[in-house]
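To keep things clear, I will list the structure first and then write my remarks on it.
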Amino acid sequence: MRIVVLVSGSGSNLQSVIDASQAGDLPVEIAAVGSDNPDAYGLVRAGTAGIETFSVPLERGADAEQRADWNSRLRDAVLSYDPEVLVSSGFMRIVSAEFLDTLRRADGRAVPMINTHPALLPSFPGAHAVRDALAHGVKVTGCTVHQVDSGVDTGPILAQTPVEVRAEDDEATLHERIKTAERTLLNQVLAQIARNEHGLR
Ligand code: GAR
């Protein structure tokens with residue numbers, strides 16, 4: 001299954017997909033890794049693994065027209081690699097409904113987009129899920145892989161893993177434990193999608 005992965009930062013979850021696919025443990029070919037951030041370490045990880053990279057930065061303070069233009073350019077960059085699935089893995093931008101509606105291969109087939117999120121959705125959507133869960137005092141949080149729709153972390157849930165919150169946790173320790181669970185979950189869901197177990201292909 002041919003995929004494109006989008007990242008904004010470290011790309012440690014991306015690394016687990018690279019490792020599993022290169023080890024032959026995951027029936028996935030990463031056609032390219034893209035980012036809104038040309039300095040994302042995830043692009044370095046991809047380059048080191050011999051995977052093509054691209055970046056489509058969004059200007060600071062972009063207005064509605066500039067955002068629409070950014071969405072079109074990002075979509076065109078993704079589609080130029082002809083993926084069957086688009087994976088948002090630590091990609092910290094929201095794409096538009098138009099982006100999703102027009103994310104189609106040359107033969108017209110829709111390209112599903114999935115996202116990995118560090119909380120048990122629908123709890124704690126958004127960019128600060130781990131901090132928000134800690135602030136709320138939950139005793140269990142976790143991670144979710146879901147299909148992306150035009151809302152913020154609202155699309156259909158594909159799989160989740162619970163992670164216990166420990167008394168001594170801060171945001172960094174809890175996020176690291178969540179990411180360990182996330183890496184396994186993301187690879188499991190990709191394998192399931194490759195076998196068409198979620199009806200996305
Ligand atoms: C992951 O925990 C991912 O779920 C989260 O960013 C982290 C990226 O880590 N994404 C979001 O919070 C999206 N709302 P990584 O760059 O080391 O893979």
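When reading the values below, keep in mind they use all heavy atoms of this one structure, side chains included, and skip hydrogens, waters and symmetry mates. Atoms within a ligand are numbered from 1 in the order they appear, just like the ligands themselves.
Asn37 and Ser8 share no side-chain donor-acceptor pair at under 3.5 Å.
Here His117 has heavy atoms under 4.0 Å from ligand 1 in both its backbone and its side chain.
Considering both main-chain and side-chain atoms, Asn115 never comes within under 3.5 Å of ligand 1 through any nitrogen or oxygen pair. Checked against a 3.5 angstrom limit, the closest N/O atoms of Thr116 and ligand 1 fall inside it.
For ligand 1, the atoms lying closer than 4.0 Å to a non-hydrogen atom of Gly126 are 14 (N). Here is the list of ligand 1 atoms found below 4.0 Å of a heavy atom in His175: 1 (C), 2 (O), 7 (C). Distances below 4.0 Å separate heavy atoms of Ser10 from the following atoms of ligand 1: 16 (O), 17 (O). Interface of Ser12 with ligand 1, defined as ligand atoms under 4.0 Å from a residue heavy atom, comprises 15 (P), 16 (O), 17 (O), 18 (O).
Scanning the protein heavy atoms around atom 8 (C) of ligand 1, the nearest turns out to be Gly90 CA, 3.6 Å. Among protein heavy atoms, the minimum distance from atom 3 (C) of ligand 1 is reached at Glu182 OE2, 3.2 Å. Annotation: atom 16 (O) of ligand 1 to nearest protein heavy atom, Gly11 N, 2.7 Å. In terms of protein heavy atoms, atom 9 (O) of ligand 1 is closest to Lys179 NZ, 3.2 Å. Regarding atom 18 (O) of ligand 1, its nearest protein heavy-atom neighbour is Asn13 N, 2.9 Å. Of all protein heavy atoms, the one lying nearest to atom 13 (C) of ligand 1 is Met92 SD, 3.6 Å. The shortest contact between atom 5 (C) of ligand 1 and any protein heavy atom is with Pro118 CD, 3.7 Å.
When atom types are taken as modelled, the side chain of Gln22 and the backbone of Ala49 share a donor-acceptor pair closer than 3.5 angstrom. Looking at Arg75, its side chain never comes within 3.5 Å of a backbone N or O of Arg104 through a donor-acceptor pair. Here the side chain of Asp169 pairs a donor or acceptor atom with the backbone of Arg166 at under 3.5 angstrom.
The line from CG of Leu6 to CZ of Phe54 is 5.5 Å long, rounded to the nearest 0.5 Å.
The closest side-chain heavy-atom distance from Thr144 to Thr116 is not below 4.5 Å.
Looking at Asn71, Asp101, Leu74, Thr102 one by one, the single match for side chain to side chain contact (heavy atoms under 4.5 Å, CB included) with Ser96 turns out to be Asn71.
Ring geometry, His117 versus His146: the interplanar angle exceeds 60°, so the pair is classed perpendicular (tilted spans 30 to 60°).
For the pair Asp107 and Arg105, the salt-bridge criterion is not met [side-chain N within less than 4.0 Å of a carboxylate O].
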